[in-house]
Amino acid sequence: MTILNFGSINVDLVYALARMPQPGETLSAHSFQKFLGGKGVNQSVAIAASGGHVRHVGAVGPDGDWALARIAALGVATDHIARVEQATGHAIIFVDEQAENMIVIQGGANQALSLEQIDAALATAVPGDWVLLQNETNLTIEIVQKAKAAGLKVAYSPAPFDAEKALAVLDLVDLLAVNQYEAGELRAARRALGHTAPVDATLLVTLGSEGAELVSGDGRNLRQAAFKVTPVDTTGAGDTFLGAFLAHYTQNPDRAKTALRYAAAAAALQVQSHGAAVAIPAKQKVEAFLAERVGAG
Ligand code: RIB
């Protein structure tokens, strides 16, 4: 079973600050680092690190060698990543002393996926495979429609949130992954259209330091608390949670509780290191953490 992840690839330019700047204010960063990131690639790395099989479908620009080398080094194949004319996507990220972040993205090559590339990637899928996507690439609606036409299951993380895009595919999605803010925005957008019934898709809501909740279409509800740790950088924690969860859940949806616990442990470890993709822990590390925190069973 493979997860085809149509996802963004960013160069994260990360500035560590004592606190976030106010509008009109100039602040000095006390450090600067360049990391691999992008919601899409972070999720692919988390799937691979968690023992899942992922095929990343994306695009980089003529300047993409640095990102491609890092993606490969983190265990994700790069053969479905196109080279396009636009520069590789990047993100400007501020991280403060509370480990919170502010992110601005510039899509670049992430906005240059082509229908041919999508078709070629989908042609490699077999029954039982899943498609994963976020909102940091172009053609999101087409990806979902084509994936469903091919009989595949779809997991969708509508971030950055765009109500129009999310509503256009909501009825086709099998698993919808949102944070609290996105869940509220989606509820408001549906209410404005007169939709008050729950969504059919299984809903994974990440709640930051409060953990996560999984609500199935039949109304069954699982709650997972977050493990208490001291974070240094929360960038990519939600991506880590989703990728780690999907690596397990897509293999066996009946073991959703185990998948949630594993994902919470992976995210707890990820926030204790700097950077997004590079901070995602390997399966052995997550299992050792779980054995220590909740026992071997
Ligand atoms: O979710 C974190 C990611 O959002 C960062 O890695 C950044 O690239 C943006 O896509």
Side-chain angles (χ1 to χ4, degrees), residues 1-11 36-90 105-159 162 165-166 168-169 172-177 239 242-243 246-247 250-251 277:
M1 207 284 313
T2 298
I3 301 171
L4 275 84
N5 184 7
F6 294 84
S8 56
I9 299 165
N10 285 338
V11 177
L36 175 68
K39 292 187 195 311
V41 109
N42 296 340
Q43 291 167 16
S44 283
V45 170
I47 294 166
S50 307
H53 188 238
V54 64
R55 197 168 298 140
H56 191 89
V57 190
V60 293
D63 57 345
D65 288 351
W66 181 90
L68 289 176
R70 266 140 198 91
I71 293 168
L74 292 172
V76 175
T78 57
D79 45 344
H80 281 273
I81 300 177
R83 281 281 188 169
V84 296
E85 278 175 18
Q86 292 85 337
T88 303
H90 75 270
I105 55 169
Q106 159 60 31
N110 296 316
Q111 294 298 318
L113 265 56
S114 67
L115 291 172
E116 294 70 32
Q117 185 188 7
I118 293 164
D119 288 337
L122 288 174
T124 66
V126 297
D129 286 351
W130 280 68
V131 158
L132 168 63
L133 72 159
Q134 315 75 30
N135 272 347
E136 287 188 353
T137 69
N138 61 327
L139 298 177
T140 51
I141 296 173
E142 290 81 354
I143 292 167
V144 175
Q145 289 170 339
K146 283 173 178 283
K148 290 316 284 183
L152 304 175
K153 290 210 183 278
V154 174
Y156 178 38
S157 159
D162 177 323
K165 284 187 190 171
V169 296
L172 297 174
V173 166
D174 297 279
L175 184 128
L176 186 74
D239 303 330
L242 177 57
L246 285 176
T250 55
Q251 299 289 345

From [atom1] ([X]) to [atom2] ([Y]), nearest 0.5 Å:
| X | Y | atom1 | atom2 | value |
| --- | --- | --- | --- | --- |
| Ser44 | Ile81 | OG | CD1 | 8.0 Å |
| Ile141 | Lys146 | CD1 | NZ | 13.5 Å |
| Ile118 | Ile143 | CD1 | CD1 | 4.0 Å |

Kindly indicate, with the supporting measurements, whether the criterion side chain to side chain contact (heavy atoms under 4.5 Å, CB included) is fulfilled by His56 and Ile9. CA-CA 10 Å; His56 191 89; Ile9 299 165; 3.7 Å; yes
Closest approach of [X] and [Y], non-hydrogen atoms and distance?
| X | Y | value |
| --- | --- | --- |
| Leu175 | Val173 | O-CG1, 3.1 Å |
| Pro158 | Ala166 | CB-CB, 4.2 Å |
| Val57 | Gln117 | CG1-NE2, 3.9 Å |
| Glu136 | Gln111 | O-NE2, 3.3 Å |
| Val131 | Leu122 | CG2-CD2, 3.8 Å |
| Val54 | Asn5 | CG2-CB, 4.1 Å |

Per side chain to side chain contact (heavy atoms under 4.5 Å, CB included), Leu68 is matched among Thr78, Thr88, Leu36 by Thr78
Within a strict 4.5 Å, meaning less than it, do heavy atoms of the [X] and [Y] side chains meet?
| X | Y | answer |
| --- | --- | --- |
| Val154 | Leu172 | no |
| Val76 | Val41 | no |
| Ile3 | Arg55 | no |
| Asp65 | Arg83 | yes |
| Thr2 | Thr124 | no |

Residues at least two apart in sequence or cross-chain that pass side chain to side chain contact (heavy atoms under 4.5 Å, CB included) with Ala247, listed by chain then number, are Ile47, Ser50
Residues passing the side chain to side chain contact (heavy atoms under 4.5 Å, CB included) test with Asp239, sequence neighbours excluded, are Lys39, Asn42, Gln43
Residue set satisfying salt bridge (Lys or Arg N to Asp or Glu O under 4.0 Å) with Lys148, at least two apart, ordered chain then number -> Asp174
_Flag, side chain of Asn138 to backbone of Leu113, donor-acceptor distance under 3.5 Å_ = yes
Keeping Ser8 on the side-chain end and Thr137 on the backbone end, is there a donor-acceptor pair under 3.5 Å? no
Verdict with reasoning, Leu4 to Asp129, per side chain to side chain contact (heavy atoms under 4.5 Å, CB included): CA-CA 8 Å; Leu4 275 84; Asp129 286 351; 4.3 Å; yes
- request: Go through Tyr156 and Lys165 one step at a time and tell me if the side chain to side chain contact (heavy atoms under 4.5 Å, CB included) criterion holds.
  value: CA-CA 11 Å; Tyr156 178 38; Lys165 284 187 190 171; 3.9 Å; yes
